[in-house]
Every structure is written in C-alpha cells, then in structure tokens.
Amino acid sequence: RFEDAWRTFMKNNPLPATHGRICYHPCEGGCSRVHVDDGVSIHSIERFLGDMAIEQNWHMPAPKIETGKKVLVIGAGPSGLTAAYHLRLQGHTVEIREAAPIAGGMMQFGIPAYRLPREVLAAEIARIESMGISITLNHRVEDLMAEKQEGQFDAVYLAIGAHIGKQVDIPARDAGKVLDAVSFLRETGMGEKPVLGRRVAVYGGGNTAMDAARTVKRMGVDEAMIIYRRDRDHMPAHSFEADEAEAEGVNIHWLRTIQDIEGSDFNVEIMEIGDDGRPRPTGRYETLAVDSLILALGQDVERGMLDRVPGLEFDRWGSLTVDENMMTGCEGLFAGGDMVPSDRTATIAVGHGKKAARCMGEWLQGKAVREGAAARENVKHLVDYDGLHLWYRTQADRQHEDALSPEQRNDFREVVHGLTEAQVRFEASRCFSCGNCFECDGCFGACPEGAITKLGKGEGYQVNHDLCTGCLACYNQCPCHAIEMQAVQQEVSLPAMAVRMEVR
Ligand SMILES: Cc1cc2nc3c(=O)[nH]c(=O)nc-3n(C[C@H](O)[C@H](O)[C@H](O)COP(=O)(O)OP(=O)(O)OC[C@H]3O[C@@H](n4cnc5c(N)ncnc54)[C@H](O)[C@@H]3O)c2cc1C
C-alpha cells in the first residue's frame, strides 16, 4: 500500500523525497529496534515513497472547504513551504513571496546537488504549488506591514532563514580570496565557478563546512582542506559527514585556529581540548599553504526588514523569539525555521512550519491557540522498547543504501542511491510497530475463550466482554503492546491501529 503510506507521510511533511535524502534522521536512534540490532532505515523508506510519488505523479486533493482567509508566507525554504502546504490543506488562500529566483531556500542554495538532486526538490515544490499556492519569486519583502496591509492578509508566516555568513577578524596581508561558505555554495549551485587557486581551506567544523569542502574538492582543486579549532569528538558536524569528506580526499586539520595570513602562508595555532571540552591555545604554531579561504562559521538572521515591525524581540544571538505557538511579539505574525531559536535543520524548519500552520489555523478562526497544539495530535499510543512483549527474536539486518565509491565522486551526481523495492519491503517488515496493532492475529489465536472476533483486514478485532475472563493471554502475547487491560466492563469495537481490550 505504497500510496497509502505516502499519504500518511504527507499528513506531516510535504517533502518526503527531499527529507529521505537530507534529514539527519534522529528518529532512527529512537527506534526500538536499536535494542535488538539496528534502527529501521526510516529515511530510506521515506525517500522511496517520495520518489515513487514523483514518478507516479501522485497529488494532494483540493481542500474540502475554502475559508476565505488569506495568509502571506515570506520565504520559500522548507519552513515557508511547509507552513503554506498545511495552511492550504486547511482551506486558506496562501501566497508565498520569495527573494530568490528559485524556491527551496537552503535546500536549493546551500545543500549541494550530490546530496539533493535539484529535480527531486523541484518536483516536490511543484506539487505544493499545484495545490493552488502561488509563489512569487524575485520578490524581497522589505516592508512587511505594508505588504500585509496592501494584500489584505489575515496573518503572516515569516521564514526567511539565516543567510548572513559570520565573519572573523584575522590579521591578513596580501591574503588571497576570502569568501563565505553560503555565498560560495550558492554560486556553485547556480553553475558558477569561482576562481579559487590550487589549495583551498574551509574554516569551520559544522555541516556547512563539510559541504563546502566536498564541493571544493569536486571543483578539481589540488587540495581541499578544513581548518577547525576543536577535534572530531567536539565538532558540530555529524561524524558521517566528516567521514564522507575525508573519504573524498578532504584533509581535515583538527585543533587549529588561524592566527594571521601573509599571502598564501596561513599561520595556525595548535589547540588542545581542555577538561571543560573547550579548545585552548598551546602557543605552538605551524604554517599551512592556502590560496583561498572559505569561512563556514555559521549564519546570522538578517534584521533589516524586521527592525521596522512593531513588537518583535530577539535573543542574544539575534534570533527572532516566538511563543510556544510560534507567534512573534506582533499579533498575527508567526515565524519559524532557522530565524527562530532552535537547531537549524530542514527537519526542524518543516516541523515549525507544520506547527505554526496548525496554530495559525486556530488563531484565524478566532480560537484561543492551544499550547503546543501541533505536537501531540498525531501521537496515539506511544510504547517504548521496554513496553513491547517481544517473545520472539528475528534476525533481520538493516538494509544499506548503495553509494558511489569515493573515486567516482568527482562531480555533482547523487552520491547515495535509494533502496530497491524489495529492500524497502524488508526494511518496513523490521518495524516492531510499537503500540500499533498490525493484525498478526496472535490475540485471536491465544484467547482460550473465543472472545475475540476478527473484523476483516484493516478493521481490527472485537472483544466479547461477556466471554473474556481477563486471563491476560492476549495481552501477554501481543508483541507490539497494542492491547491494554482495564478493569472496566464495556463492549468495544476499535480499529486496528488502537486495539484496547477492556475486561471485568
Ligand atoms: C550547506 C548547508 C547544508 C545543510 N545541510 C542540511 C542537511 O543535510 N539536513 C538538514 O536537515 N539541514 C541542512 N541544512 C540546514 C537547512 O538547510 C536549514 O536549516 C533550512 O533550510 C532552514 O529552513 P528555513 O525555511 O528556515 O530557511 P531557508 O531555507 O534559509 O529559506 C529562507 C528563504 O527565505 C528567503 N528570504 C530571505 N529574506 C527574504 C525576504 N526579505 N523576502 C522574501 N524572501 C526572503 C530566502 O531567499 C530563502 O529562500 C544545511 C544548511 C546549509 C547551509
């Protein structure tokens, strides 16, 4: 039931093919299967479904109602696109205004094509647009309140990201080219080829630094290196990203800070990690030969347009603060994604967009927004590993995606390939279905009283409480803990996803 699976996914996230590629999938670390062998490869199933939807041209249905409310979304990155999608599903009229010539935000202009092919992203954005959402490109919003008023918008979702590359003051004489990583990735993403020289250093240890260095390497320079002040254990990048960069030939100089630059000579100080986990200087130096420097030291939120909006507040890092319902200090103006305080990932940005849309929906209807309205609604019956009754063991090793060999990674072709259909089916079958009945019929077989009746595929079971003696046979064998025992007498018939036995 691939299409049903995709539609289930789409209830939360309109970008499955994209997310199946770029999400850092922390969910897999929380998967109960890690206690047995390895978490289910959730992201690759997501990617498979997303790709199939693009291939099969699956679309979302038109909203059932039109509310007549108008919402302006500023920024067509993952957060703005997701908010727009959920607001449209609720029946609101949504317009997105985007400064860049292409939608997608950092997914388009930051994340390199070897991790996210642009045709995949474009297809998922086109599907969002096809729901009747208009995206005006090349339109930088300068005066938010004026645009809101002129367009007679009832509410605004602001998701302009954080695009100003942080700078650092390094004494330099005759230094070669210095540029920031986001501008560099943007230029190369647009097909430009900045002149960099033979030896290029990227300064920083985050994910952006890894992508910048891997991109530099693909541009055919003699030496792509990273200079970073901490060690591998203390870097902000995920370790698989450093592994991939190194496998592709990027040379990482750990525990180094740039002190000064004279021409191509970079004087770097060797650092060490103190007991507090922070890097500290050692007074020892070495010289690295570098022609161009790319700064990947993080990004700040652009404040220009925001300073004219009444009521906004910022934290000490310059991020725009929002309340638990994603509303800023300006009534009716919601915000999310990289510009608000939180981890900066496409996944969080999408989550903010979804949560904000739900809160905005309630606000637009004049209801008091329920605190954290978005987060809890999908959680039905959460069971962790200790709550499972796994009376069997399965040997089912995680399926791994194929990838180009490091030697083949010399252009912007996608590095990681998806799983095959057979692998996806196998991977899905590794799921323990924690807390969700998958109709294994174990309870039906275990009941000594014949109190349980099968209602047919997808319909679950019915319990006859007059016959049930409360012996727990069904409960104890239920591997996914979809059955709860309660000391209440009541006839119930529940769908497969939430079977609950109630006994005398
Ligand atoms: C190199 C790099 C690699 C990354 N890799 C990953 C990854 O693998 N996985 C992951 O989860 N995250 C990754 N991230 C982080 C992720 O891309 C961001 O967290 C995410 O894109 C933030 O989404 P957003 O919608 O808040 O902002 P953005 O994606 O930045 O989008 C904001 C949009 O607003 C537009 N805009 C700005 N100002 C205005 C204005 N005044 N008017 C109109 N439009 C405006 C911008 O042009 C942009 O399109 C990466 C980031 C970078 C830089």
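In what follows, residues are counted from 1 in the order of the sequence shown. All ligand and atom numbering here is 1-based and tracks the order in the structure.
With respect to the salt-bridge test (charged N to carboxylate O, under 4.0 angstrom), the residues R97 and E150 do not qualify.
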N/O pairs closer than 3.5 Å, ligand 1 and protein:
residue	atom	partner	partner atom	Å
ligand 1	5 (N)	Y24	OH	3.3
ligand 1	5 (N)	R115	NH2	3.0
ligand 1	8 (O)	I22	O	3.3
ligand 1	8 (O)	Y24	OH	3.1
ligand 1	8 (O)	R115	NH1	2.6
ligand 1	8 (O)	R115	NH2	3.1
ligand 1	9 (N)	I22	O	2.8
ligand 1	11 (O)	A346	N	2.8
ligand 1	12 (N)	A346	N	3.1
ligand 1	19 (O)	D338	OD1	2.7
ligand 1	19 (O)	D338	OD2	3.2
ligand 1	19 (O)	T345	N	3.2
ligand 1	19 (O)	T345	O	3.4
ligand 1	25 (O)	P78	N	3.4
ligand 1	25 (O)	S79	N	3.0
ligand 1	26 (O)	D338	N	2.8
ligand 1	29 (O)	M106	N	2.9
ligand 1	30 (O)	H163	NE2	2.6
ligand 1	41 (N)	V141	O	3.0
ligand 1	42 (N)	V141	N	2.9
ligand 1	44 (N)	A99	N	3.0
ligand 1	47 (O)	E98	OE2	2.6
ligand 1	49 (O)	E98	OE1	2.6
ligand 1	49 (O)	E98	OE2	3.0

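For the ring pair (Phe, Tyr, Trp, His ring centres under 6.0 Å) test, no residue two or more places apart in sequence or in another chain qualifies with W254. The ring pair (Phe, Tyr, Trp, His ring centres under 6.0 Å) search around H43 returns H25, not counting sequence neighbours. For H35, the ring pair (Phe, Tyr, Trp, His ring centres under 6.0 Å) criterion is met by Y385, not counting sequence neighbours.
Neither side chain, N436 nor S433, offers a donor N or O lying under 3.5 Å from an acceptor on the other. Counting only N and O atoms by type, the side chains of T257 and Q259 include a donor and acceptor under 3.5 Å apart.
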